[in-house]
Amino acid sequence: MLKQANRLRRRQDFRRVYQRGKALKCRAFVLCFRPAARGAVRVGFSVSKKLGKAVERNRVRRKLREAVRLELAAFASGYDYVLIARLGAKEETVESLRRQIKKLLKTSGISPRTRA
RNA sequence: CGAGUAAGCUGAGCGGACGCGGCGCGGAGACCCAAAAGGCCCGCGCUGAGGAAAGUCCGGGCUUCACAGGGCAGGGUGCCGGCUAACGGCCGGUGAGAGUGAUCUUAAGGAAAGUGCCACAGAAACAAACCGCCUAAGCGCGCAAGCGCCGGCAAGGAUGGAACGGUGCGGUAAGAGCGCACCAGCGGCCGGGUGACCGGCCGGCUAGGUAAACCCCACCCGAAGCAAGGCCAAAUGCAGGCGCACAGUGCUGCCCGUCCUGCCUGCAUAAAAGGGCCGCAGGAGGCGGCUGGCAACAGCCGCACCAGAUAGAUGUCCGUUCACGACAGAACCCGGCUUACAGGCUUGGCUCGGCUU
RNA sequence: GCCGGAGUAGCUCAACUGGCAGAGCAGCUGAUUUGUAAUCAGCAGGUUGCGGGUUCAAGUCCCAUCUCCGGCU
């Protein structure tokens, strides 16, 4: 679990990221991001019912959150992010998710130092 | 020893590191916000999913609508007694069915209130005569045997899931509950039981199936749901309609009756600006003991307080043990039902079979 | 949280009050054609999602369950 400050919580924030942000995808998830007014890293998660029943969805979300927590330094502050789990996320481990996050953030073109 | 049957319990453990929700205590920036409330941050302590949390199939509590009115429709339940806040649940019994048995299953009221249906086959599917059996009585013909007419019968055959009680004896022209005995079913009386029902005696001899077809009878059901609903802060405008009629009074429909308001309806306005708080977890609750009861359950006493989120908390890593871990995640609460489930455990339980004494 | 609808041949759909599960397309075989298409004739293809029950008889009625689709808040 992330701290409250690092969470994306409002429905409108999600919508803003979906509509006006950029999206990158890999096997396990889609990463959407968008510059925000505040200077913090805020991440939201989306796991649809397509992934399975409540227990399975919880497991996927927790693995994603743990991976994000461990890689929090790699995220550029001043941006809002949303991770949308895909069907492949069920087979991933936390370690493999961390690698995919790092890879996607590198290709995103924004680095932690630019807006720290 | 083997096979079975019944009731119940459990649902990986221990240690460490990094994290998260809630509560309590302490602290801090002057960060979010128009402001209040609240949020964000740091430290410590305590605490943090299930037996099904699931499906949403029933029943309640709670809240609002008018403290919930009447009728018709509509829906549900359906052997008896009890338990319960209530139930379509549970317990105990009755009948029926299955099993060698322990035991299990059971929507199990009414078919002489009425209607419908019973395909094909068959003469006929609720009142029938195709094949068949008979020719006693009556009439005609004939010397007679006999033939014909008028008829009688439902035993046998055939069809069907089902054919107007079954078996046997008597009876008859042939037959038939026509008579008798037993069995099944029906009605009455007597006895037992709170009752479903059971037992006995007597009577008249006969009534097809289907109500998970319509229906009849008995009993029950107002509706919507915590995004219910209430409070705080901010904002209070525009458009339309009505005057003794109109509008609303919440959704399974219609009608009647009646209450309330004077204004009502729509939009801005509810997924708004980061809105917030209550509802919200002390309960028909849990654990232990005693008493009453065959039991479900009830009463009394004692003990502890045991999730409460709102993008929604249990995860990751390391070590270790073993039978290598199933189904599965609270969202207002509770009682049931149903469904899913790796494995493990308990019972001075019960039944059947084999062997030994 | 609440409430609806559907499941039938490989595909798209029928089957009224329970009474032999059917049609079109697709498939296969044959005919026609030099050959193909079209056309004609014929054939095969079904645990009616799954499991129970009621009934003489169930796609149809009742109960339970699975999957999919949709709606309201």
Side-chain angles (χ1 to χ4, degrees):
Chain A
M1 194 65 193
L2 299 165
K3 290 174 184 173
Q4 291 283 346
N6 293 330
R7 289 187 216 168
L8 196 63
R9 311 213 303 183
R10 301 192 64 252
R11 183 180 174 81
Q12 222 185 8
D13 292 338
F14 275 81
R15 273 228 297 259
R16 208 173 295 157
V17 173
Y18 292 150
Q19 288 171 1
R20 276 176 267 175
K22 293 178 179 175
L24 298 167
K25 58 189 176 183
C26 65
R27 200 168 57 222
F29 55 86
V30 178
L31 177 69
C32 300
F33 62 96
R34 182 187 169 275
R38 255 166 293 282
V41 176
R42 295 196 307 170
V43 186
F45 301 89
S46 174
V47 184
S48 79
K49 274 194 174 174
K50 206 187 289 182
L51 274 288
K53 295 192 174 186
V55 171
E56 259 180 299
R57 294 201 305 272
N58 278 344
R59 192 157 45 231
V60 167
R61 196 182 64 247
R62 283 162 183 163
K63 281 194 287 194
L64 281 173
R65 272 201 310 235
E66 181 66 13
V68 168
R69 186 179 73 87
L70 294 168
E71 293 299 328
L72 203 58
F75 285 83
S77 53
Y79 281 87
D80 287 343
Y81 304 86
V82 176
L83 269 76
I84 305 166
R86 307 177 72 187
L87 231 61
K90 291 202 283 190
E91 278 77 36
E92 303 292 331
T93 65
V94 170
E95 276 306 309
S96 66
L97 288 173
R98 287 178 69 176
R99 282 197 299 273
Q100 294 183 43
I101 286 170
K102 276 193 280 194
K103 199 171 146 198
L104 280 193
L105 286 174
K106 206 181 276 180
T107 54
S108 71
I110 52 175
S111 78
R113 299 190 189 86
T114 45
R115 293 185 65 150

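We name chains A, B, ... by the order of the sequence lines, and we start the count at 1 in each one. All values reported here derive from a predicted model rather than from experimental measurement. These values consider heavy atoms only, across backbone and side chains, with no hydrogens, waters or symmetry-generated copies.
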message: Applying the Watson-Crick and G-U wobble criteria at under 3.5 Å, what pairs with rU258(B)? Answer none if nothing qualifies.
response: none
- prompt: Taking a pair as Watson-Crick or G-U wobble with both distances under 3.5 Å, which nucleotide is matched to rG19(C)?
  reply: rC56(C)
field: Base-pairing mate for rG187(B) - Watson-Crick or G-U, with both contacts under 3.5 Å
entry: rC202(B)
- line: RNA chain B nearest-nucleotide lookup for G44(A) and K63(A): closer to the 5′ end is G44(A)
- request: Decide, yes or no, whether a salt bridge links D80(A) with R42(A) under the criterion of side-chain N to carboxylate O below 4.0 Å.
  value: yes
- prompt: If you measure from the C1' atom in rA73(B) to the same atom in rA54(B), how many Å do you get, rounded?
  reply: 38 Å
- prompt: Which nucleotide, in any strand shown, forms a Watson-Crick or G-U wobble pair with rC178(B), with both distances under 3.5 Å?
  reply: rG170(B)
message: Tell me every residue that passes side-chain contact (heavy atoms from CB on, under 4.5 Å) with K25(A), counting only those two or more places apart in sequence or in another chain.
response: V30(A), R86(A)
message: Under 3.5 Å, is there any donor-acceptor pair linking the side chain of R61(A) to the base of rG315(B)?
response: no
- request: Searching all strands shown, indicate the nucleotide that pairs with rA26(C) (Watson-Crick or G-U wobble; both distances under 3.5 Å).
  value: none
Gap in Å between the two C1' atoms, one belonging to rC352(B) and one to rG99(B), rounded: 12 Å
query: So, is R65(A) near the phosphate of rG312(B), with a side-chain N or O under 4.0 Å from OP1 or OP2?
result: yes
- prompt: Who is the Watson-Crick or G-U wobble partner of rA223(B), with both distances under 3.5 Å?
  reply: rU64(B)
- prompt: Roughly how many Å is it from CZ in R59(A) to C1' in rA328(B), rounded to a whole number?
  reply: 9 Å
- prompt: Which nucleotide in the list rG315(B), rA328(B), rA330(B) gets nearest to the side chain of A54(A)?
  reply: rA330(B)
Pairwise C1' distance for rC333(B) and rG82(B), with rounding to whole Å: 29 Å
- prompt: With sequence neighbours excluded, what pairs up with A67(A) under the side-chain contact (heavy atoms from CB on, under 4.5 Å) test?
  reply: V94(A), L97(A), R98(A), I101(A)
task: Considering only atom C1', compute the distance from rG59(C) to rC16(C) and round it to an integer number of Å.
output: 14 Å
message: Closest-nucleotide mapping onto RNA chain B: is E56(A) or V94(A) further toward the 5' terminus? I mean the 5' end.
response: V94(A)
field: Check ion pair R27(A)-E91(A) (N to O, under 4.0 angstrom)
entry: no
message: Does this structure show an ion pair linking E66(A) with K63(A), if we count only N-O contacts that are shorter than 4.0 Å?
response: no
- prompt: NA contact type, V55(A), heavy-atom cut-off 4.0 Å: base, sugar-phosphate, or nothing?
  reply: base
statement: Applying the 3.5 Å cut-off to both distances, the Watson-Crick or G-U partner of rG70(C) turns out to be rC3(C)
- prompt: Rounded to the nearest Å, what distance is computed from the CZ atom of residue R57(A) to the P atom of nucleotide rA311(B)?
  reply: 17 Å
query: For the side chain of N58(A), counting heavy atoms from C-beta on, which of rA49(B), rU316(B), rA328(B) is nearest?
result: rA49(B)
